[in-house]
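Lettering follows sequence order; numbering is per chain, from 1.
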Protein chains: 2
Amino acid sequence: MPQPAARTRLPRAERRAQILTAATRAFARHGFADTGLDEIAEEAGVTRVVLYRHFDSKAELYRTILDQACSRLAERVGTDDFEDDAIPALLGAAAEDPDAFRLLFRFATREREFQDLTDSLSAAAVTVARSNLAKQIPDGPWLDWAAQLIPTLTTDAVIAWLDSGQPDPDTAAERIRAAIHGISQAAAQPPPSSS
Amino acid sequence: MPQPAARTRLPRAERRAQILTAATRAFARHGFADTGLDEIAEEAGVTRVVLYRHFDSKAELYRTILDQACSRLAERVGTDDFEDDAIPALLGAAAEDPDAFRLLFRFATREREFQDLTDSLSAAAVTVARSNLAKQIPDGPWLDWAAQLIPTLTTDAVIAWLDSGQPDPDTAAERIRAAIHGISQAAAQPPPSSS
DNA sequence: ACGGTTGTATACATGCGAGTAAACATACGT
DNA sequence: ACGTATGTTTACTCGCATGTATACAACCGT
């Protein structure tokens, strides 16, 4: 039997879970629009028909994945405020499910149809960053600049950390913190006295 | 005449150019897949049919835009090496055509069908960053990390600069440079001797 | 005033991926 | 051994955005 890959026939709940992880992996490569159902089915080692026995549509499957990812993230990092240990928490979440993290921050945040799911997240991040920076940076474009840049820098740094093989998380947290500090320092430079 | 918007009837070449800029604006909002032809047509103040009198397909239109954007970028920044004035050059290019810049770095780099157009660009950026960092950072995951992160940080910083209203470009260049420096410093920290 | 160019309107063609249906196959619990 | 749950196969339907065809309208140079 040259088919050692997938053990067929899982109980419903497990199959569902397995489809979710497989789909997350598949979507994490090219996002929603550029990932076909057949691709997902193949990734799960299953026929396209089976997908529909567990999810009503491609969109519902995707939303389920995104919901789950957001929930887990909120669970680890906290919704409202970003404590001092937010970065280690973020790294933890990313390490726990790298595909979900990549999917969320590399693709989902840019996808029209699903921005309702990610907007609150992003907006919150920017707001928090902004309020943290407000102590050091006067109101104006440079505050906007830093407040927008820092959240994306953070998630990009985490993704780069994943891509580079997840070296020591404590060091990573330290360095990401330093990078963020670098930005806020840069933005807090002596007022743009020009020349 | 309740139609003050678009002056109709342009000579062919100008119409083509106008379509290109309008399409760039439209695509820059949600990328290739999530932007319909009707949206583009409306943005150009023209019927969908007219688009096809100038371009064979949506894909060809998109590739034309991307080609142009890449060319202009290369023209300003240089293909091979990143001189010291690369950042001001990048800011200049972004200011000259913000939509194209956003389109290129926020969407096109993540779109499956067009990665052939952007991959060389991205790959070059990472390589250059890497060689620049190699002086300060030993080979290993942290070098990978910084080499991947710095290019994306740079383009994200430029986009954030655009979004915040393009305050003084010289200051911006300075601050982006500082942010980059921050990353490379962070990555060059004393070897991960760990706790 | 005429011929070509540019644009409009409208209706249609087409393809592709999502989604459905129905018949068959086989593991698994009991 | 039997019935149910799970999965496969195959062959569909369907919607929708892309792409096309045709006839009409108006501007523009000469």
Side-chain angles (χ1 to χ4, degrees), chain A residues 1-24 26-27 29-66 107-108 111-114, chain B residues 1-24 26-27 29-66 107-108 111-114:
Chain A
M1 298 301 186
Q3 266 303 51
R7 65 277 194 212
T8 49
R9 203 166 180 80
L10 293 182
R12 183 168 178 80
E14 291 182 33
R15 175 63 72 191
R16 183 185 153 97
Q18 187 245 353
I19 288 175
L20 281 174
T21 72
T24 304
F27 280 133
R29 287 199 286 269
H30 300 112
F32 180 77
D34 286 350
T35 304
L37 277 180
D38 296 315
E39 239 169 309
I40 298 170
E42 188 182 356
E43 187 76 38
V46 131
T47 308
R48 218 179 57 241
V49 177
V50 173
L51 297 183
Y52 286 101
R53 299 248 239 260
H54 292 270
F55 302 93
D56 286 345
S57 71
K58 186 186 174 188
E60 198 227 336
L61 169 57
Y62 198 65
R63 291 192 105 89
T64 304
I65 291 174
L66 259 43
F107 292 105
E111 284 164 344
R112 204 174 195 180
E113 191 178 349
F114 306 98
Chain B
M1 297 297 184
Q3 266 300 51
R7 66 275 196 216
T8 49
R9 200 163 181 85
L10 294 182
R12 182 168 178 80
E14 290 181 35
R15 177 61 75 191
R16 182 185 154 98
Q18 188 245 354
I19 288 176
L20 281 175
T21 73
T24 304
F27 279 134
R29 286 199 287 269
H30 299 112
F32 180 78
D34 286 350
T35 304
L37 277 179
D38 297 313
E39 237 169 311
I40 298 170
E42 188 182 357
E43 187 77 37
V46 130
T47 310
R48 217 177 61 243
V49 178
V50 173
L51 298 183
Y52 285 100
R53 300 246 240 260
H54 293 269
F55 302 92
D56 286 345
S57 72
K58 187 187 175 188
E60 198 227 336
L61 169 57
Y62 198 66
R63 293 192 103 89
T64 305
I65 292 174
L66 260 41
F107 293 105
E111 285 164 345
R112 205 175 192 178
E113 192 178 349
F114 305 98

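- Atom OG1 of residue B:Thr24 and atom CD1 of residue B:Ile19 lie 11.0 Å apart, to the nearest 0.5 angstrom.
- In this structure, B:Ile40 places its CD1 atom 12 Å from C1' of D:dA17, rounding to the nearest Å.
- As rounded to whole Å, 13 Å separates atom P of D:dC28 from atom CZ of B:Arg15.
- Protein atom NE2 of A:His54 is 9 Å distant from nucleotide atom C1' of D:dG7, rounded to whole Å.
- Side-chain contact of B:Glu113 with B:Tyr62: a donor-acceptor pair under 3.5 Å is absent, judged by distance alone.
- Counting to the nearest Å, the P atom of D:dT20 and the CZ atom of B:Phe55 are 15 Å from each other.
- Of all nucleotides listed (D:dT6, C:dT6, C:dA9), D:dT6 comes nearest to the side chain of A:Arg12.
- Taking B:Arg29 as the reference, B:Glu43 meet the side-chain hydrogen bond (donor to acceptor under 3.5 Å, both in side chains) condition, with sequence neighbours excluded.
- Between the CD atom of B:Glu14 and the P atom of D:dC27 there is a distance of 18 Å, rounded to whole Å.
- With B:Lys58 contributing its side chain and B:Gly36 its backbone, the two residues share no donor-acceptor pair below 3.5 Å.
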If you look only at distance, which donor and acceptor atoms sit under 3.5 Å apart when one is on a side chain in residues 46-57 of chain A and the other is two or more places apart or in another chain?
unit_1, atom_1, unit_2, atom_2, d
A:Arg48, NH1, A:Asp38, OD1, 3.0
A:Ser57, OG, A:Ala59, N, 3.4
A:Ser57, OG, A:Glu60, N, 3.0

- Item | Reading 5' to 3' through nucleotides 18-30 of chain C, protein heavy-atom contacts under 4.0 Å coded B for base, S for sugar-phosphate only, - for none | SBBB----BB---
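- The nearest whole Å value for the distance from the CD atom in A:Glu42 to the P atom in D:dG7 is 17 Å.
- As rounded to whole Å, 16 Å separates atom P of D:dA17 from atom CG of B:Leu51.
- Remark: side-chain polar atoms of B:Arg112 are paired, donor with acceptor, to backbone N or O of A:Asp34 under 3.5 angstrom.
- Atom CD of B:Glu60 and atom C1' of D:dT18 are 14 Å apart (whole Å).
- Look at A:Thr47 and you won't find any side-chain N or O under 4.0 angstrom from OP1 or OP2 of D:dG7.
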